[in-house]
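One-based numbering along the sequence shown.
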Amino acid sequence: MLSSSFHRAATIAASRGPAAASVARRTLAMGPASGGEISDELLAKLGSLSTQALVDGLWVMGWPSAQIDGARPLHPSHKCVGRAVTLNFVPARPDIAQDKPAGGESPEYEAFEKCGPNEVLVMSSVGPWESIGGDIKFLRLKQRGIGGLVSDGSVRDTDEIINYGFPCFSYSTTARQGPAAMQPWECNGVVSVSGVTVRPGDAIVGDQDGVVCVPAKVAEKVYSIAHGREEIEEIVKEELIKNPGPPGKYYPFMSGKVKVDSPLGKLLATKGITPENSNQFEGSADW
């Protein structure tokens with residue numbers, strides 16, 4: 001079926017010229033943009049965890065760093081969680097500006113309209129100091145009730161964006177105009193943000209420590225590990241408050257490596273956490 005579909009597409013493309021035939025070949029050679037789907041329930045559970053716990057969960061699974069270091073909260077109150085809607089910028093060039101769909105058909109406005117309370121718009125800039133937008137463009141994001149905006153570029157009209165009320169994470173702020181340096185080119189493709197790969201539909205979680213991308217394909221497992229870690233850390237903190245002393249007796253610990261007969265293992269047993277109900281112990285890791 002795929003072979004016959006490709007043959008038909010290639011035949012039609014060939015009749016339109018070499019350039020169209022080349023596009024047809026590339027289309028079927030490209031992997032899917034999205035890596036999976038995340039339910040509203042799982043999204044809420046991921047948002048209940050700290051970014052540190054999520055990074056730790058990905059780390060013990062052997063996944064690359066997922067923290068977007070170039071995105072900082074615009075205001076101390078800003079926190080976000082949502083599925084990624086991506087927008088990629090490319091360096092400005094006369095033919096790029098000419099060929100990009102104009103006005104309301106621009107890729108950036110296509111991305112805006114895909115966003116709502118459960119989405120985070122992830123904008124990949126060509127540089128940290130380049131402007132990805134300001135108050136007039138982002139008024140639409142306020143109207144859409146967006147879950148958040150994340151970029152490794154900078155934003156303009158800072159006070160007004162803060163007043164809009166949606167969470168915003170960017171490299172910095174700027175007075176520069178963006179179009180002189182870059183153009184929005186693609187909505188919902190795979191993007192790189194501060195060296196972190198983000199696919200449409202990935203979970204984006206942001207707090208005062210930064211922004212983390214949780215790949216949709218492993219989101220359920222990341223939650224399981226991260227949630228287990230947070231439970232243990234709360235128990236350790238509670239114990240150290242009750243019985244002050246060096247934390248080294250219990251911490252740090254490696255998920256999937258906690259020994260039952262260790263001081264930490266014995267402390268957890270008093271709280272009902274054992275290898276039978278936790279994946280944090282030696283031999284219980286399920287990843």
* Structure fact -> One should read off an interatomic distance between C187 SG and E113 CD, to the nearest 0.5 angstrom, of 10.5 Å
* Side-chain donor/acceptor of S39 to backbone N/O of L42, under 3.5 Å -> yes
* Cation-pi geometry met for R229 and F253 (6.0 Å, 45°) -> yes
* Asked: In terms of side-chain geometry, is the basic nitrogen of D209 or K79 positioned less than 4.0 Å from the acidic oxygen of its partner?
  -> no
* Give a yes or no on whether V190 and V126 share a hydrophobic cluster (residues Ile, Leu, Val, Met, Phe, Trp, Tyr; joining criterion: side-chain heavy atoms under 4.5 Å apart). => no
* Asked: Is it the case that more than 12 heavy atoms not belonging to W59 sit under 6.0 Å from its CH2 atom?
  -> no
* Donor-acceptor contact present, side-chain S151 to main-chain G153, <3.5 Å -> yes
* **E276-T274 side chain donor-acceptor pair, cut-off 3.5 Å** => yes
* Is N163 reaching over with its side chain to a backbone N or O of D159, donor-acceptor style, under 3.5 angstrom? -> yes
* Are the side chain of R199 and the backbone N or O of P32 linked by a donor-acceptor pair below 3.5 Å? -> yes
* Structure fact -> Value for CG (L264) from CD (Q280), rounded to nearest 0.5 Å, stands at 9.5 Å
* To do: Please answer whether the main-chain N or O of T86 pairs with a side-chain N or O of N188 as donor and acceptor at a distance below 3.5 Å.
  => yes
* Structure fact -> Between K271 and the options E239, E238, E231, the salt bridge (Lys or Arg N to Asp or Glu O under 4.0 Å) test singles out E238
* R140 CZ to C115 SG distance, which is reported to the nearest 0.5 Å -> 10.5 Å
* Structure fact -> Residues at least two apart in sequence or cross-chain that pass salt bridge (Lys or Arg N to Asp or Glu O under 4.0 Å) with K114, listed by chain then number, are none
* Y171, OH atom: more than 12 neighbouring heavy atoms under 6.0 Å -> no
* Asked: More than 12 foreign heavy atoms under 6.0 Å from CD of E105: is that the case here?
  -> no
* Residues which pass salt bridge (Lys or Arg N to Asp or Glu O under 4.0 Å) with E220, listed by chain and number, not counting sequence neighbours -> K45
* Flag, side chain of S194 to backbone of I68, donor-acceptor distance under 3.5 Å -> no
* Under the ring-ring contact (aromatic ring centres under 6.0 Å, His included) test, which residues partner W63, sequence neighbours left out? -> none
* Within 6.0 angstrom of Q208 CD, more than 12 heavy atoms from elsewhere -> yes
* Mind checking whether V211 and V214 sit in one hydrophobic cluster, side chains of I, L, V, M, F, W, Y counted as touching below 4.5 Å? -> no
* Structure fact -> Interatomic distance, OG@S284 vs CG@N279, rounded to 0.5 Å, equals 6.0 Å
* Take F138 and L149, measure what side-chain contact (heavy atoms from CB on, under 4.5 Å) needs, and give me the verdict at the end. => CA-CA 10 Å; F138 294 157; L149 169 64; 3.8 Å; yes
